[in-house]
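First up is the structure itself, then whatever we jot down about it.
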Amino acid sequence: MMDTKAFLAAWDAGPEAVDFDALVRAFQVAMDDGLQGRASSLEMIPAYVSIPDHIPSGEPVIVLDAGGTNFRTSLVSFDESGRAAISDWQKTAMPGIAREVSAPEFFSAFADQVERLIEKSDHIGFCFSYAARITENRDGVPLMFSKEIKAQDVIGKPVGKGLLDELARRGHDVSRKKLTVVNDTVATLLAGPSATGSDPISGYMGLILGTGTNMAYVEQNRNIGKIHQQTGSQCVNIESGNFDIAGGRLGSEIFASTKDPLHYHFEKMISGAYLGLQCWTLMRHAVIDGHLFSPESVGRLMEQERWTTIQVSKFLTDPATGLIGEALVNPADKARMLEIAQAVVEKAAKLTAACITASVLQSGAGIGKEKPVALNIDGTTYYQTKGLKEAVERYLQRYLEGRYRRFIRLLHVEDAPTIGAAIAGLSE
């Protein structure tokens with residue numbers, strides 16, 4: 001029977017497989033290439049919106065949130081202290097979930113939901129949680145749809161213009177409407193100041209780690225060679241999930257098993273859609289190649305279909321119960337599976353911390369304890385996967401604060417994409 005540590009090392013499955021400093025350097029090289037318009041796995045998409053000096057109080061803004069499988073609409077306003085009030089909230093399915101839809105059908109479905117709010121404000125903040133190029137007039141042009149949205153006809157068409165054109169076709173005066181499209185990670189970043197108030201902060205960043213993952217930060221315009229602006233700063237959507245990381249033996253097998261094996265390698269190493277798959281894949285190889293489990297457990301394990309990250313987290317929380325725990329018939333088998341699952345989570349945490357570290361270094365923020373960089377984190381995988389949050393914080397303390405002497409304050413703003421989109425909609 002193979003030793004569990006040797007098995008994990010053979011599959012590049014634990015945190016030891018990650019060279020933290022080399023990964024940070026590789027991230028920064030890819031970030032700089034993306035900023036300059038050179039070939040890179042990181043798009044580094046300018047958002048054309050920056051952290052506002054103040055948020056107008058008492059002025060409503062229409063907020064649209066297209067993300068995952070749902071389309072949400074609401075009305076948001078802020079009081080003098082910057083606290084958000086969300087009203088008229090409504091949720092429906094995203095168009096393109098059940099079947100392929102045309103562009104007119106897509107924008108008509110959006111207009112159906114926005115129409116009830118359109119006369120309540122001339123400001124519209126649109127959180128669009130799919131890969132999109134943001135134009136200088138703050139519209140969003142979809143590059144591709146993920147999460148099984150079937151709307152190929154919409155690729156390349158500005159979503160803000162498409163929505164406003166459909167509302168105008170229905171007889172609404174949209175000539176005074178100011179619509180700003182932001183990525184959900186940029187919106188998460190923009191929500192950060194609502195949690196820090198007047199505290200001294202050197203910069204803001206946003207991280208989403210849920211079913212998928214992405215990061216955003218604030219960059220000086222003079223460093224964004226592909227837009228030719230020398231003054232000011234703006235938010236940049238890194239599209240970090242697409243970072244072309246070498247996944248090792250396990251990663252290569254995971255990449256090959258997905259619908260799009262050539263893209264979003266980093267996302268497939270750390271996000272909630274794939275951590276369960278990693279553990280399940282390792283379990284099967286531990287049975288077939290490593291002979292790590294007793295014959296009594298093997299039969300039960302091999303009958304199980306692909307695990308979810310939620311199931312793995314439940315096992316880590318209580319190894320005695322649940323789908324995984326009940327298949328492992330003795331303490332030794334449970335201990336080996338715990339070691340495997342913990343290694344997967346620890347590696348994901350180390351990779352996440354490296355991405356954050358590279359972004360902080362690129363931003364130039366976080367120097368000194370008095371003015372740390374504030375990172376707003378959103379996503380159920382980060383907060384609900386057993387041990388992940390704590391491990392990320394441990395790696396950040398060890399490397400970012402210990403080795404690089406940059407300091408960070410972690411935030412968790414409820415309804416961050418909605419609040420951030422509202423702030424974007426009110427910004428000049």
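Among residues two or more places apart in sequence or in another chain, the salt bridge (charged side-chain N to carboxylate O under 4.0 Å, His left out) test is passed with E43 by none. When the ring pair (Phe, Tyr, Trp, His ring centres under 6.0 Å) test is applied to F78, no partner is found at least two apart in sequence or on another chain. For K161, the salt bridge (charged side-chain N to carboxylate O under 4.0 Å, His left out) test picks out D165, with sequence neighbours left out.
At least one donor-acceptor pair under 3.5 Å links the side chain of S121 to the backbone N or O of P60.
Between R99 and E105, at least one side-chain nitrogen of the basic residue sits less than 4.0 Å from a carboxylate oxygen of the acidic one, meeting the salt-bridge criterion. Contact check on R38 versus D32 returns a salt bridge, with a Lys/Arg side-chain nitrogen under 4.0 Å from an Asp/Glu carboxylate oxygen.
Within the 4.5 Å cutoff, no side-chain heavy atoms of V373 are placed close to those of Y217. Between I367 and S202 the shortest side-chain heavy-atom distance does not fall below 4.5 Å.
Of the N and O atoms on the side chains of T196 and Y204, at least one donor lies less than 3.5 Å from an acceptor on the other residue. The closest side-chain donor-acceptor pair between Q90 and Q113 falls under 3.5 angstrom.
Legend: ring-ring contact (aromatic ring centres under 6.0 Å, His included) pairs involving residues 234-258, not counting sequence neighbours, sorted by first then second residue: F27-F243, F255-H265. Among residue pairs with one or both ends in residues 5-24, those qualifying as side-chain hydrogen bond (donor to acceptor under 3.5 Å, both in side chains) are K5-E339, D21-R403, D21-Y404; sequence neighbours excluded. Within the structure, side-chain hydrogen bond (donor to acceptor under 3.5 Å, both in side chains) pairs that include any residue of residues 406-426 comprise D199-R409 (at least two apart or interchain).
If you look at F110 and F126, their ring centroids are closer than 6.0 Å.
M31 contributes atom CE, which lies 11.5 Å from atom CG of D33 (distance to the nearest 0.5 angstrom). In this structure, the separation between CD on Q220 and CD on Q362 is 11.0 Å, given to the nearest 0.5 Å.
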